[in-house]
There are 2 protein chains.
Amino acid sequence: MAAQQLTKNQSLVLDALHHADGPLSAYTILDKLRDHGFRAPLQVYRALDKLLEFGLIHRLESMNSFVACAHPDHQHHHDHGVTAFAICEDCGQVTEMHDEAMEERLTVLAGKQHFKTEKTTIEIRGHCQNCTAE
Amino acid sequence: MAAQQLTKNQSLVLDALHHADGPLSAYTILDKLRDHGFRAPLQVYRALDKLLEFGLIHRLESMNSFVACAHPDHQHHHDHGVTAFAICEDCGQVTEMHDEAMEERLTVLAGKQHFKTEKTTIEIRGHCQNCTAE
DNA sequence: ATCAATTGCGTTATGCTATAACGTGTGGCA
DNA sequence: TGCCACACGTTATAGCATAACGCAATTGAT
Ligand SMILES: [Zn+2]
Ligand SMILES: [Zn+2]
Ligand SMILES: [Zn+2]
Ligand SMILES: [Zn+2]
């Protein structure tokens, strides 16, 4: 599955996420796209589902919202392994992190339980560097 | 803050979670406790908030539900560090895991970003040993 | 004992998040 | 041509969470 040609709705949603300075909820996206003809939540959710499938965006479980993937070559659909997110509770900024050692550790953890991993969520809530400086 | 005396509502909610064989949503708990006088979601959410604060239960972000802490000495309020959950998508069973190395790795990751961690969520979705056997 | 502050409680109403169900249109292909 | 897969639009509904109000019980000074 290579660089997928996005539909109009999918492109609009992806653009909205790219131009946002933080994660957006589905309903916030809906409001941003009303001028482009969006009327109902499903138009957003259907696009989000596809974008998630293509690996172009991520869902932040702890805040029911979505961010564009920070991976530079996001046109190429390739799983970029486990992702950890640092989410600032002050400014809302999200940092996407990848770490081989962490991934390895998770594999070991799951292995101990003979658990077959499908998807891993790691979200760190706290305060970013900017918001910590006093 | 030591072994907290729970209120009636808090005890009822905690018992419901202890007797459940998997995570429960707030509304499921509400239904289970209607015979005990519960009528509204807030009665449940308020109890859940306190139980979370006491460290007696955990919230599973990826499924909007709650589980009793599996830590044996859950009467003593002491943070038991970062918790990772393995959630079976077939049978709903949840396994609570603790791993020093994992915790260390996350500390390093956050440190690189000069990020001050408040709370960490780790949830592994997949299939448990029982549900993998064919 | 009394007052004030805190905490829990019950109720009603509301808001936010997500999906079910139905029908339409379009493009690819046997 | 007929069929299928897929995206789309719309309405309705389900599921999750909190705001706001008032009351009651508790605590801890004064
Ligand atoms: Zn990414
Ligand atoms: Zn910040
Ligand atoms: Zn625990
Ligand atoms: Zn299972």
Side-chain angles (χ1 to χ4, degrees), chain A residues 1 4-17 20 22-54 56-67 77 87 89 92 119 121 123 125, chain B residues 1-17 20 22-54 56-67 77 87 89 92 119 121 123 125:
Chain A
M1 185 193 306
Q4 187 79 19
Q5 185 59 26
L6 298 182
T7 68
K8 182 157 178 288
N9 283 4
Q10 289 161 15
S11 296
L12 285 168
V13 169
L14 184 55
D15 282 353
L17 285 173
L24 300 178
S25 78
Y27 278 76
T28 302
I29 295 172
L30 174 58
D31 285 339
K32 284 183 183 294
L33 295 182
R34 286 203 189 277
D35 294 345
H36 292 79
F38 275 51
R39 315 295 325 257
L42 237 81
Q43 297 176 277
V44 179
Y45 280 109
R46 289 203 270 233
L48 288 172
D49 283 346
K50 280 301 177 186
L51 294 171
L52 284 170
E53 185 183 326
F54 299 154
L56 299 178
I57 66 173
H58 298 285
R59 176 187 167 86
L60 299 178
E61 303 287 354
S62 67
M63 52 192 307
N64 298 323
S65 58
F66 304 83
V67 283
H77 174 68
I87 304 168
E89 300 190 326
K119 182 178 188 315
T121 298
E123 298 178 16
R125 309 294 298 258
Chain B
M1 184 194 303
Q4 186 79 18
Q5 185 58 27
L6 299 182
T7 68
K8 183 158 177 288
N9 283 4
Q10 289 160 16
S11 295
L12 285 168
V13 169
L14 183 56
D15 281 354
L17 286 173
L24 301 179
S25 78
Y27 276 73
T28 302
I29 295 173
L30 174 58
D31 285 339
K32 284 183 182 293
L33 295 182
R34 287 203 189 277
D35 293 344
H36 292 79
F38 275 53
R39 316 295 323 258
L42 260 185
Q43 298 175 276
V44 178
Y45 281 108
R46 289 203 269 234
L48 288 172
D49 284 345
K50 280 300 177 186
L51 294 172
L52 285 169
E53 184 183 325
F54 299 154
L56 298 177
I57 66 173
H58 298 285
R59 177 187 167 85
L60 300 178
E61 303 287 354
S62 67
M63 53 192 306
N64 298 324
S65 59
F66 304 83
V67 283
H77 173 68
I87 304 168
E89 298 189 328
K119 182 179 188 314
T121 297
E123 297 178 18
R125 310 292 299 256

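In this text the structure is predicted, and so the values were computed from the model without any measurement. Numbers restart at 1 for each chain; the letters A, B, ... are given by sequence-line order, proteins then strands.
A:H36 places its NE2 atom 15 Å from the P atom of D:dC8, with the value rounded to the nearest Å. Atom C1' of nucleotide D:dC8 and atom CG of A:L6 are separated by 16 Å, given to the nearest angstrom. Here the C1' atom of nucleotide C:dT7 and the CD atom of B:E53 are 11 Å apart, to the nearest Å. To the nearest angstrom, C1' of D:dA7 lies 14 Å from CG of A:L12. The interatomic distance linking B:F54 (CZ) with C:dG8 (C1') rounds to 11 Å, in whole Å.
With values rounded to the nearest 0.5 angstrom, A:R125 atom CZ is found 8.5 Å from A:L60 atom CG. Going from atom CG of B:D49 over to atom CD of B:Q10 covers 10.0 Å, rounded to the nearest 0.5 Å.
For the pair B:E61 and B:R59, the salt-bridge criterion is met [side-chain N within less than 4.0 Å of a carboxylate O].
Side-chain contact between A:I57 and A:V13 is absent, with no heavy-atom pair separated by less than 4.5 Å.
Neither OP1 nor OP2 of D:dA7 sits under 4.0 Å from any side-chain N or O of A:K8. Residue A:T7 has a polar side-chain atom (N or O) positioned under 4.0 Å from OP1 or OP2 of D:dC8.
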query = Quick one: what's the B/S/- string for nucleotides 10-20 of chain C, heavy-atom cutoff under 4.0 Å, read 5' to 3'?
reply = BBB----BBBB
Tell me which donor-acceptor pairs under 3.5 Å the side chains of residues 28-42 of chain A have, and how far apart each pair is, sequence neighbours excluded?
unit_1	atom_1	unit_2	atom_2	d
A:T28	OG1	A:S25	OG	2.8
A:D31	OD1	A:R34	NE	3.2

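Just one residue in the list A:S62, A:P23, A:S65 forms a side chain to side chain contact (heavy atoms under 4.5 Å, CB included) with A:I87, and that residue is A:S62.
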